[in-house]
2 protein chains.
Amino acid sequence: MRTRGSQCWRGKFQGGGYRFTKPRELILGVLAKSKKHLSAEDIFFSVHKIYSNIGLTTVYRNLELLVDMGTVSKFNFGDGKANYELSESESGAEHHHHLVCQKCQKVIDYADFMDAEKEFLSKIEKGLSKKYKFQIQDHIIHFYGICGQCQSK
Amino acid sequence: MRTRGSQCWRGKFQGGGYRFTKPRELILGVLAKSKKHLSAEDIFFSVHKIYSNIGLTTVYRNLELLVDMGTVSKFNFGDGKANYELSESESGAEHHHHLVCQKCQKVIDYADFMDAEKEFLSKIEKGLSKKYKFQIQDHIIHFYGICGQCQSK
DNA sequence: CTCCTTATTGATAATGATTGTCATTATCAA
DNA sequence: TTGATAATGACAATCATTATCAATAAGGAG
């Protein structure tokens, strides 16, 4: 279940006719360690510390590729920049969703009530994909509101 | 329940110490007629047809205000631009969510299974807001996948 | 109705995130 | 080891959005 070590990633790339390069290894390494959504720039800076040759363009290019490969998930929380994280199937991370504070833009991950969610999704996914002929691959649930800190101001 | 006519909107603005201006009237008019998520540029062009003085900056400024007032909802579907629509409480529109095609970026609204959703939300909202001290105001559910047209290509 | 304060506007420039270009470099199959 | 070409990085370009600022207009006071 666990995908460990860069050799495993090598195969993913080569299987798709892609090459396994230093930037790709390091970008995935950063994502794997962080386990929380990072912006392209965050990733750029992290990689830059250990590989100062890296270009921001390369980070964007590879994130796009990784999203296409299904290895990485891309989110938009409404602050103008995209965030990326290893997709759950890759990271073994818990399935989770987000609470987005509309004052300070903070994002809280939560992974509670997944039993209730599973029950809910099982009820509707089939119906939706039939009615709209839409092949569902993924879903997100975002709650918007005010976080504790912002409430007490 | 129905909020009809621009005089009703006038009050909303004036109540908040804002003025009721032509651009604001027209922007709301476009949103009210369209009933589907429009980008700032979409709105700009629509208003421009009947009021060619309008500036794109003004559209952005007023959309921001309207979002703050809770009159308009802002979405990010991941295509780089934000989309706006009258919030449900204003438009009387059905509560709905979105199916986002990852190939062609098309967005399908759906309003099915709302009973199941209500049941699900009632189970988890209270728990979430307690556990994370997060005051929930709104939520979105997006399903990502491939739409019918793109499947048959 | 007129005046006056000031919220609002629109043109413009500026920003910030992301994408395109292209010559150079490096991967990996043969 | 070598060669075809995928991938890179520097740079310029684009796209959405935001800041600036002088000119305009909404609406309350008189």
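Everything numeric here is computed off the predicted structure, so don't read it as measured data. Proteins come first, then strands; the chains are lettered A, B, ... in the order of their sequence lines, and each starts at number 1.
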For residues 17-24 of chain B, run the donor-acceptor check on the side chains, cut-off 3.5 Å, and write out each pair with its distance to 0.1 Å, sequence neighbours left out.
| unit_1 | atom_1 | unit_2 | atom_2 | d |
| --- | --- | --- | --- | --- |
| B:Thr21 | OG1 | B:Arg24 | N | 3.4 |
| B:Arg24 | NE | B:Asn62 | OD1 | 2.8 |
| B:Arg24 | NH1 | B:Arg19 | O | 2.8 |
| B:Arg24 | NH2 | B:Asn62 | OD1 | 3.4 |

Using a 3.5 Å cut-off and no angle test, enumerate the donor-acceptor pairs between side-chain atoms of residues 46-59 of chain A and protein atoms at least two apart in sequence or in another chain.
| unit_1 | atom_1 | unit_2 | atom_2 | d |
| --- | --- | --- | --- | --- |
| A:Ser46 | OG | A:Asp42 | O | 3.4 |
| A:His48 | NE2 | A:Ser52 | O | 3.4 |
| A:Thr58 | OG1 | A:Arg61 | NH2 | 3.3 |

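Scanning DNA chain C for stems, defined as runs of 3 or more consecutive Watson-Crick or G-U wobble pairs whose donor-acceptor distances all fall under 3.5 Å, gives the following ranges: C:1-30 with D:1-30.
The separation between A:Phe44 atom CZ and C:dG16 atom P is 16 Å, rounded to whole Å. Look at CG on A:Leu26: it is 13 Å from C1' on D:dT8, rounded to the nearest Å. Remark: P of C:dA29 and CZ of A:Phe13 are 15 Å apart, rounded to the nearest angstrom. Rounded to an integer number of Å, the gap from CG of B:Asp42 to P of D:dT17 is 11 Å. Spacing between atom CZ of B:Arg24 and atom P of C:dG10 amounts to 11 Å, rounded to whole angstrom units.
Contact detail for B:Gly78 and A:Asn76: the closest heavy-atom pair is CA-OD1, 3.5 Å. Considering all non-hydrogen atoms of both residues, A:Leu86 and A:Ser91 come closest at CB-CB, 3.7 Å. Shown here for A:Gly70 and A:Ser87, the closest heavy-atom pair between the two residues is O-OG, 2.8 Å.
Contacts between residues 49-59 of chain B and DNA chain C, defined by a heavy-atom separation under 4.0 Å, are made by B:Tyr51, B:Asn53, B:Ile54, B:Gly55, B:Thr57, B:Thr58. Using a 4.0 Å cut-off on heavy atoms, the residues of residues 60-75 of chain A that approach DNA chain C are A:Tyr60, A:Arg61, listed by number. Within residues 77-84 of chain B, the residues approaching DNA chain D are B:Gly80, B:Lys81, B:Ala82, by heavy-atom distance under 4.0 Å.
The ring-ring contact (aromatic ring centres under 6.0 Å, His included) pairs that include a residue from residues 63-87 of chain A are A:His37-A:Phe77, A:Phe75-A:Phe77, A:Phe75-A:His98, A:Phe77-A:His98, A:Phe77-A:His142, where partners are two or more places apart or lie in different chains. A ring-ring contact (aromatic ring centres under 6.0 Å, His included) check over residues 108-136 of chain B, counting only residues at least two apart or in different chains, returns the pairs A:Phe120-B:Phe120. Applying the salt bridge (Lys or Arg N to Asp or Glu O under 4.0 Å) definition to pairs two or more places apart or across chains, those involving residues 109-125 of chain A are A:Asp112-B:Lys131, A:Glu119-A:Lys123, A:Glu119-B:Lys123, A:Lys123-B:Glu119.
Linking ILVMFWY side-chain heavy atoms closer than 4.5 Å, directly or via other members, places A:Met69 and A:Ile43 in a single hydrophobic cluster.
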Where protein sits on nucleotides 25-30 of chain D, one letter per nucleotide: B base, S sugar-phosphate only, - none, heavy atoms under 4.0 Å: BBS---
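Looking at residues two or more places apart in sequence or on another chain, you find a side-chain contact (heavy atoms from CB on, under 4.5 Å) between A:Glu88 and A:His95, A:His96. When the side-chain contact (heavy atoms from CB on, under 4.5 Å) test is applied to A:Glu41, the partners found at least two apart in sequence or on another chain are A:Ser39, A:Phe45, A:Lys81.
The existence of a salt bridge linking A:Glu64 and A:Lys74 is excluded, since no basic side-chain nitrogen approaches an acidic carboxylate oxygen closer than 4.0 Å.
Around CD of B:Gln14, the count of heavy atoms belonging to other residues, nucleotides or ligands within 6.0 Å exceeds 12. In the displayed structure, B:Gln105 atom CD is contacted under 6.0 Å by more than 12 heavy atoms of other residues, nucleotides or ligands.
Put simply, the side chain of B:Ile27 does not reach to within 4.5 Å of the side chain of B:Phe44, judged on heavy atoms.
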